[in-house]
Chemist: 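I have a structure here, written as structure tokens, and I will follow up with some questions on it.
Since the model is a prediction, treat every value here as computed from it, not as a measurement. Proteins come first, then strands; the chains are lettered A, B, ... in the order of their sequence lines, and each starts at number 1.
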Amino acid sequence: MPLQALPGFRDFFPEEFALRAHIFDAMRRVARRYGFEEYDGPPLEALELYTDKSGDEIIGQLYSFADKGGRDVALRPEMTPTLARMVAERANGLKKPIRWFSIPQLFRYERQQRGRLREHFQLNCDLIGEPGPLGDAEVIALAVDVMRALGLTATDVRVRLSDRRLLAVLLEEAGIGTARQALAFQALDKLGRSEYGPRRKALHEAGATDDAIAALESLPSITTWADLETRFPAAAGAGAPLRRTMDALDAMGLGDFVDLDLTIVRGLAYYTGTVFELFDAQRSLRAICGGGRYDNLLDRIGGVDLPALGFGMGDVVLGELLKERGVAPKAPASAEVFLVTATPEDRPAVLKLAHELRDSGIRVEYSLADDKIGKQMKLADARGARMAVVVGPDERARGAVVLKDLRTGAQQEVSMETLADAVRNLMGQGR
RNA sequence: GUGGUUGUAGCUCAAUCGGUUAGAGCGCCGGACUGUGGCUCCGGAGGUUGCGGGUUCAAGUCCCGUCAGCCACCCCA
């Protein structure tokens with residue numbers, strides 16, 4: 001066996017490529033529907049773009065090396081620094097809010113697992129220059145609509161939504177101040193999992209009281225505004241932006257997808273407000289999508305002080321979910337019409353007709369060898385062709401061919417001049 | 001990076017206690033059905049049992065290493 005693809009990298013055979021194209025297509029269609037414009041940047045960047053000011057979380061698993069000129073470079077692990085640079089370059093000339101999206105291939109060097117490779121494609125949508133909660137709703141709605149465009153419903157996929165501004169106040173009220181906030185965020189993220197134990201201990205050692213820890217542990221049980229206002233009457237004000245975001249999603253008719261979930265904090269340190277993740281409803285896969293508001297990041301990276309928010313949605317977990325839910329596309333028929341020669345003398349007519357059909361946009365194939373009709377028909381069938389056109393001497397003498405519907409088996413004689421029309425006519429039926 | 005677990009045709013799997021030439025279904029290729037596909041029948045190709053070492057008269061099977069997949073951790077784009 002020849003060399004395989006590197007660990008964590010994928011070969012896309014036609015069937016897999018069909019799934020990828022299906023996902024990309026839904027992403028593009030929906031993003032454009034929201035008025036987002038597509039952009040891209042280089043897949044290889046200077047290492048310092050990531051080590052400098054970006055979140056330290058990523059640099060440990062950068063896919064980096066020295067190029068032949070001795071430059072330290074890295075395959076991009078995320079799109080945000082590139083986006084920040086590009087926006088900063090033209091910030092003055094761009095009408096706000098900026099709505100941009102991209103589907104970059106991203107890389108990271110780490111041990112692969114299911115749903116987590118060394119390479120993936122990720123839809124990135126960012127809304128820049130809008131501080132208000134309607135912007136948050138807009139971006140979350142976009143993510144949800146990609147799910148819907150792919151045939152997923154509120155019983156397949158859930159949005160878990162929180163807000164760091166609200167969390168900070170809640171923790172403060174519970175007796176966990178800003179000094180211990182990072183620890184508390186980590187603990188919150190791990191709550192209910194086996195790794196929570198050590199975080200709890202760390203919190204305790206950092207001086208958090210038993211009451212404060214108990215309050216933190218009760219946050220997952222808060223799933224409605226009523227719960228929140230009952231438990232933290234004084235903190236409800238800090239939840240106002242989040243509430244307006246959720247109200248907007250309700251008004252759009254997408255409320256069914258959304259759960260208030262105070263355990264969502266996101267790993268990246270730069271989030272400053274709304275944070276959200278999309279999961280499969282059964283929670284058996286990793287996150288499909290994650291994002292939030294990062295109002296200070298553009299200033300830090302690009303030197304342009306603009307509020308912003310966005311999300312990343314990877315193709316790997318999403319593809320697995322589509323297969324699991326049975327909404328992945330079947331590989332499309334490679335040819336719609338298959339032309340068959342009865343004798344070698346029919347070849348020129350087949351070539352002419354095939355080319356005319358192709359010119360009119362129909363997917364056409366024909367046997368390249370002078371096989372017997374039966375064998376050519378077998379190939380037509382294997383290709384999934386909707387119909388076959390048999391070109392033989394008898395009909396050809398009359399300027400006609402036989403058009404056969406491979407689904408019903410019915411066939412009719414059609415003049416060569418009207419073949420394209422007859423084909424289109426037949427394709428219009430059924431489907 | 002750490003720990004656990006699994007590796008047999010393209011795919012899904014079989015092979016007694018360590019015992020002849022590692023099998024089957026599907027798929028693929030070819031043929032029969034002689035101007036018409038699906039069905040059926042016949043034939044064929046395809047394996048260094050992931051790779052390397054060790055134990056043994058004998059290894060797909062036991063041991064060690066390694067690589068790869070999966071799971072958990074780290075981390076989570």
Chemist: Take A:L6 and A:E119, find for each the nucleotide of RNA chain B with the closest heavy atom, and name the residue whose nucleotide sits nearer the 5' end.
Modeler: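 Its nearest nucleotide being more 5', the pick is A:L6.
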Chemist: Could you pull out the closest heavy-atom pair between A:Q376 and A:L339, with the gap in Å?
Modeler: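 Smallest interatomic distance, heavy atoms only, reads OE1-O, 4.1 Å.
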Chemist: Give the rounded distance in Å between these two atoms: CG of A:L285 and P of B:C71.
Modeler: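 A:L285 atom CG is separated from B:C71 atom P by 10 Å.
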Chemist: Does one side chain, of A:D280 or A:Q282, offer a donor that lies under 3.5 Å from an acceptor on the other?
Modeler: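 A:Q282 and A:D280 do not have a side-chain donor-acceptor pair below 3.5 Å.
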Chemist: Would you call A:D370-A:K375 a salt bridge at under 4.0 Å N-O?
Modeler: no
Chemist: May I have the distance from A:Y63 (atom OH) to B:C75 (atom C1'), rounded to whole angstrom?
Modeler: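 Rounded to whole Å, this separation is 18 Å.
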Chemist: Whole Å only: how far is the CG atom of A:L62 from the P atom of B:A77?
Modeler: 13 Å
Chemist: Roughly how far apart, to the nearest Å, are B:U8 and B:G25 at atom C1'?
Modeler: 15 Å
Chemist: For the P atoms, the ones on B:A22 and on B:G60, what distance do you get once it is rounded to whole angstrom?
Modeler: 9 Å
Chemist: Measuring only the C1' atom in each nucleotide, how far is B:C26 from B:G46? A whole number of Å is fine.
Modeler: 14 Å
Chemist: Does B:A77 have its OP1 or OP2 closer than 4.0 Å to a side-chain nitrogen or oxygen of A:R266?
Modeler: yes
Chemist: In dot-bracket form, how is RNA chain B paired, counting a Watson-Crick or G-U wobble pair only if both its distances are under 3.5 Å and using | for bases paired to another strand?
Modeler: (((((((..((((.....[...)))).(((((.......))))).....(((((..]....))))))))))))....
Chemist: If you measure only the distance, is there a donor-acceptor pair under 3.5 Å linking the side chains of A:T418 and A:D421?
Modeler: no
Chemist: Could you tell me how far B:A14 sits from B:G52 if I compare only their P atoms? Round to whole Å.
Modeler: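 One P to the other, the span is 24 Å.
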Chemist: Take nucleotides 36-41 of chain B nucleotide by nucleotide from the 5' end and write B, S or -, depending on whether a protein heavy atom sits under 4.0 Å from the base, only from the sugar-phosphate, or from neither.
Modeler: BBB---
Chemist: For a quick check of understanding: with a heavy-atom distance under 4.0 Å over all strands, which category does A:R108 fall into, base, sugar-phosphate or nothing?
Modeler: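 Answer is base: heavy atoms of A:R108 come under 4.0 Å of a base.
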Chemist: Should we count CZ of A:R90 as having more than 12 external heavy atoms under 6.0 Å?
Modeler: no
Chemist: If you assign A:R111 and A:R286 each to the RNA chain B nucleotide with the nearest heavy atom, which residue ends up on the more 5' nucleotide?
Modeler: A:R111
Chemist: Taking the basic N atoms (NZ, or NE/NH1/NH2) and the acidic carboxylate oxygens, is any pair closer than 4.0 Å for A:R266 and A:E277?
Modeler: yes
Chemist: Grab the CD-P distance between A:Q113 and B:U5 for me, whole Å please.
Modeler: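 About 17 Å, once rounded to whole Å.
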Chemist: Please report the distance separating the P of B:G19 from the corresponding atom of B:C62, rounded so that it comes out in whole Å.
Modeler: 11 Å
Chemist: I'd like the P distance from B:G35 over to B:U21, given in whole Å.
Modeler: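 Straight-line distance between the two P atoms is 48 Å.
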Chemist: I'd like to know whether the aromatic ring centres of A:Y366 and A:F338 sit less than 6.0 Å apart in this structure.
Modeler: no
Chemist: Taking atom CZ of A:R148 as the centre, report whether more than 12 heavy atoms of other residues, nucleotides or ligands fall under 6.0 Å from it.
Modeler: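 No - once you tally the heavy atoms of other residues, nucleotides and ligands closer than 6.0 Å, there are 12 at most.
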Chemist: Can you say whether the rings of A:Y270 and A:Y294 are parallel (under 30°), tilted (30 to 60°) or perpendicular (over 60°)?
Modeler: perpendicular
Chemist: How far does the P atom of B:G23 sit from the matching atom of B:U49, given to the nearest Å?
Modeler: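 Going atom to atom, P in each nucleotide, I get 13 Å.
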Chemist: Tell me, yes or no, whether the heavy-atom count around A:L351 atom CG, taken from other residues, nucleotides or ligands under 6.0 Å, exceeds 12.
Modeler: yes
Chemist: With rounding to whole Å, what would you report as the distance between B:C41 and B:U55 at their C1' atoms?
Modeler: 50 Å
Chemist: Using atom CZ of A:R114 as one end and atom P of B:G4 as the other, report the distance to the nearest whole Å.
Modeler: 24 Å
